[in-house]
J.: 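Right, I'll just put the structure down here and ask away after.
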Amino acid sequence: MYFPSWLSQLYRGLSRPIRRTTQPIWGSLYRSLLQSSQRRIPEFSSFVVRTNTCGELRSSHLGQEVTLCGWIQYRRQNTFLVLRDFDGLVQVIIPQDESAASVKKILCDAPVESVVQVSGTVISRPAGQENPKMPTGEIEIKVKTAELLNACKKLPFEIKDFVKKTEALRLQYRYLDLRSFQMQYNLRLRSQMVMKMREYLCNLHGFVDIETPTLFKRTPGGAKEFLVPSREPGKFYSLPQSPQQFKQLLMVGGLDRYFQVARCYRDEGSRPDRQPEFTQIDIEMSFVDQTGIQSLIEGLLQYSWPNDKDPVVVPFPTMTFAEALATYGTDKPDTRFGMKIIDISDVFRNTEIGFLQDALSKPHGTVKAICIPEGAKYLKRKDIESIRKFAADHFNQCSLLGKLRLECADLLETRGVVLRDPTLFSFLWVVDFPLFLPKEENPRELESAHHPFTAPHPSDIHLLYTEPKKARSQHYDLVLNGNEIGGGSIRIHNAELQRYILATLLKEDVKMLSHLLQALDYGAPPHGGIALGLDRLICLVTGSPSIRDVIAFPKSFRGHDLMSNTPDSVPPEELKPYHIQVSRPTDFKVSAH
Ligand code: ASP
């Protein structure tokens, strides 16, 4: 009895993020995804030449004449081959009799990953040759006709999940990488979750799905934006960081409840959890407060959560920003495990340990500790050395203890201690952020902790005019397993307050936002919203190592599309209409010398 090794790998890959692994792989998994979101299973073979999908055939189909289309997964001894489509695998018997010589030739000559169409009868496998690990393992196809639809050349890598390939190679041949089980699973799960989110928002709660422009103007503050040249000399569009201004303007326009699966752009380098272009579930509501938004999102995640994961428990716990920093050393704590930061200043206040006294004598100086459970048992001398080095490398960052906590967790886990259960989803609201933070490049100036449209905490409004640094905001972040997966706020709907914050406190050019300020003056309703980072959310749900694994055509680490070689140069004559000339770094050197 055979069981393809790649299949077992897929099975393992799939079971990694899922606790209950009774689910057989591939087709049935996809079906269970679909069933959990829709009342009926869609018709997969409508409008096409096939009668069935490879993965759907069972004993109940015995005796049926079927036509299948798919890729040759592999072939053994020219006697059978395994055919694959999005729904699964099925075994096809290659006919050996003289009269079917042409069918045999087609099926034996076609290289692996060629696309073929076969017609034949569903028969049961000989007794003892059933494969219980394969959903279609009780049957096979006795072929009558076969057609080679397209042959496959020698592949740059095998389409097997366990075959290790560099990410660069996967991205260069993304269309091949997409044939892998894991990518198919990730993209289909993403599609199902988004479908359920739409259903929840539009059908159950009356939201309106509205597209907003992606050619816009610069937004002051925040992330760097991509510029798009226009044909007017020196004039540019910007690709928006988010639809923030538009969604607020939609509230002024009386749309009441907006959402969008929105593409956003930030000209920042890629990281495992960032991309220059990414997708948000963007939401805005009128007449809402913070608890309203939080309940909406809890319901949304509960409703759209895949059935093959443990259910989402609501309401999510809440922690203030100050508590998060004090006990976890970060505003996005991973609450799946303890090892909290403890203030032990009092223990050392009356000792004579020089460097601790030194720390305690500084304004706000404290001595803090993290207790590593069974650290003495598990951590080796070289681990302690690496912790010491880590601390030295990150010295003077206030986030040091938070990073150290995660570093120690990593070390313990490499020693076999399970601290962070990969099947656990630990949601947390972080609230009561400060409205402003000192600007990174000039700490004497202020910048918004979220964005400049965030309303101050109602009990701190007076502080805006006296000690703005101390004002808290109505900004909330949603954290999942130590990752920020969403953020939003109740907005300022009073033009005068908005102008004061922009011009006086943030020293921004209000002219750039005159359209928004004007709109607030025309009866803007109180409103608030949130955006969920869809890529990050799906990445965590699927247990993927990077958000690039849940995006069909992602950019590389350096922001390049390795498949099409983008960004690419443009001939000077094509730049002329935009009044743009390129001076390359080498041109500079030449002219400078
Ligand atoms: N536009 C915000 C962001 O992208 C989210 C929000 O405040 O609704 O972070």
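Indexing begins at 1, ligand by ligand and atom by atom, following the structure's order. Atom set for the values below is all heavy atoms of this structure, side chains included, hydrogens, waters and symmetry mates excluded.
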J.: Measure from the ring center of F259 to the ring center of F207 and say whether it is less than 6.0 Å.
T.: no
J.: What atoms of ligand 1 come closer than 4.0 angstrom to any heavy atom of R266?
T.: 4 (O)
J.: Taking the ring of Y476 and the ring of F433, is the distance between their centroids below 6.0 Å?
T.: no
J.: Taking atom CE of M319 and atom CZ of F321, what is their separation to the nearest 0.5 Å?
T.: 12.5 Å
J.: Just wondering, are more than 12 heavy atoms of other shown residues or ligands nearer than 6.0 Å to NZ in K340?
T.: no
J.: Return the minimal non-hydrogen interatomic distance between S473 and T454, and the atom names on each side.
T.: CB-CG2, 3.9 Å
J.: Look at R548 together with D177 and state whether they make a salt bridge at an N to O cut-off of under 4.0 Å.
T.: no
J.: Atoms of ligand 1 less than 4.0 Å from I530 heavy atoms?
T.: 8 (O)
J.: Would K247 count as a contact residue for ligand 1, given that I'm defining contact as a non-hydrogen atom of the residue lying under 4.0 Å from a ligand atom?
T.: yes
J.: Any idea which atoms of ligand 1 are less than 4.0 Å away from a heavy-atom of G487?
T.: 5 (C), 6 (C), 8 (O)
J.: Considering non-hydrogen atoms of the protein only, which is the closest contact for atom 9 (O) of ligand 1, and what is the distance?
T.: H450 CE1, 3.7 Å
J.: Tell me if the aromatic rings of Y200 and H205 count as close, with their centers under 6.0 Å from one another.
T.: yes
J.: Give the atoms of ligand 1, by number and element, whose distance to some non-hydrogen atom of S242 is under 4.0 Å.
T.: 1 (N), 4 (O)
J.: Answer with yes or no whether R491 contacts ligand 1, where contact means a heavy atom under 4.0 Å from a ligand atom.
T.: yes
J.: Give the atoms of ligand 1, by number and element, whose distance to some non-hydrogen atom of Q280 is under 4.0 Å.
T.: 3 (C), 4 (O)
J.: Mind checking whether E284 has a heavy atom under 4.0 Å from ligand 1?
T.: no
J.: Taking the six-membered ring for Trp, are W305 and F427 closer than 6.0 Å centroid to centroid?
T.: yes
J.: Could you tell me whether some N/O pair between H451 and ligand 1 is separated by less than 3.5 angstrom?
T.: yes
J.: Which protein heavy atom lies closest to atom 1 (N) of ligand 1, and at what distance to 0.1 Å?
T.: Q244 OE1, 2.7 Å
